[in-house]
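For ligands, and for the atoms within them, numbers begin at 1 and follow the listed sequence.
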Amino acid sequence: MDLKIKDKVAFITGSSSGIGYATAKVLLNEGVKVYINGKDKKKLSESTEKLKESLPGSEVYGVHGDFLQENQVDELINKLPEIDILINNVGIYKSQSFFKTKIDDWMDPFQVNFMSGVRLSKHILPSMLSKNWGRIIFISSECAYLVPEDMIPYSVTKASMHALSKGLANLTKGSGVTVNTIVPGSTLSEGAEDFLTSLSEKDNIPVEEVKKRFFENVRTSSLINRFANMNEVATTIAYLSSPLSSATNGSVIKVEGGSTSGLI
Ligand SMILES: NC(=O)c1ccc[n+]([C@@H]2O[C@H](COP(=O)([O-])OP(=O)(O)OC[C@H]3O[C@@H](n4cnc5c(N)ncnc54)[C@H](OP(=O)(O)O)[C@@H]3O)[C@@H](O)[C@H]2O)c1
C-alpha cells in the first residue's frame, strides 16, 4: 500500500528493538527517512546496520539518547533534523507492589514515558505548525484503562499521555498537523518476551504455558485471546503517520485486541 509518505522524516523514540523497530521497518519500506533511538549505543548501531542491510537503499540513522538522562535528551534534541513524523514510543515499566514503590519508581517512568513526549513535542510541534504538516503519535497502553495493580505508576504515565496528546491536538486546530494516541495491547516485543521468560524461569513453567495462562488468568478481557505481533501495531502507527489519516486528530486508536471494555 502506498501511504504517500515517501521522503518524509520520522523520529521514533525507543526503537532499536520492539514495536518501534517494527515501525521503522514499515516506514522505511514506504520510503520514509527514519531516525531510530535507544540507550545502548552498540545495540543501536547494530539495529541501524540490520535495517540498512535488510532494506538496501533505505535511509536510516541511529540517534543515541537515554530518556532518563536529561543531558542526553538535550544532546539528542540538538542532533535531530527537521522532523515530519514524531512517534513517542519509548516506554518502561516495572511489576511491583504499590506499597513497595519508591519515589524513583514513580519518577523514572514519568521521565521516560511522559516527559520524553513533552520535551520532543515542545521542540518539534512549532516547525510542524509553521510548515502546516506533521504527525505526532503517542504510544500508550491498554494499562491506561486496565490499571493492573502491580503496574500503577506505568498505567498513570500512559493515562496522562492521553491528556497530553489531546491538549497538543487542540493546538493544531485548522492546520494539517495531527496528534493522536495509539493503545497497544499485550504485544510480543523483545521486551515482553524477556518479561515472559523471567516469569517462566521464576515459576519453572514453559514460556508457551506462561503465555497461555496469561490470557486464561490475567488478560481475560482480550477478545483476540492472544498476544498481538509487533507488525499489527506498527502498521496502525504507519497509517496514522500518513496523509491517509488526515481527518483523525485528537483521537485514541486502540490496537489492544478488545481488552479494554466499554464503548470508548
Ligand atoms: N509490548 C507490549 O506488550 C506493550 C503493550 C502496550 C503498550 N506498549 C508500549 O509500546 C511501546 C513499545 O513497547 P515495546 O514492548 O516495543 O518496548 P521494548 O521492547 O521494551 O522497547 C525497547 C526499546 O526501547 C528502548 N529504550 C528503553 N528504555 C529507554 C530509554 N530510557 N531511553 C531510550 N530508549 C530506551 C530500548 O533501547 P535499549 O535496549 O538501548 O534500552 C529499545 O530500543 C512502549 O511505550 C510500551 O509501553 C507495549
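- With a heavy-atom cut-off of 4.0 Å, Met230 does not touch ligand 1 at all.
- For the pair Lys50 and Lys25, the minimum side-chain heavy-atom distance is 4.5 Å or more.
- Contacts between Ile92 and ligand 1, counted as non-hydrogen atom pairs separated by less than 4.0 Å, involve the side chain only.
- For Tyr154, every heavy-atom contact with ligand 1 shorter than 4.0 Å involves the side chain, none the backbone.
- At a 4.0 Å heavy-atom cut-off, ligand 1 does not touch Ser47 at all.
- No more than 12 heavy-atom neighbours from other residues, nucleotides or ligands sit within 6.0 angstrom of NZ on Lys212.
- Per-residue contacts place Gly18 under 4.0 angstrom from the following atoms of ligand 1 (heavy atoms of the residue considered): 16 (O), 19 (O).
- At a heavy-atom cutoff of 4.0 Å, ligand 1 is contacted by the backbone of Ser15 but not by its side chain.
- Of the listed options Gly14, Ser186, Gly191, Gly185, Gly185 places a heavy atom closest to atom 5 (C) of ligand 1.
- Residue Lys79 qualifies as enclosed at atom NZ: its count of foreign heavy atoms under 6.0 Å is above 12.
- With atom 15 (O) of ligand 1 as the reference point, the heavy atom nearest to it among Ser189, Ala234, Ser116 is part of Ser189.
- With hydrogens and angles left out, the side-chain atoms of Glu142 and Ser259 include a donor and acceptor closer than 3.5 Å.
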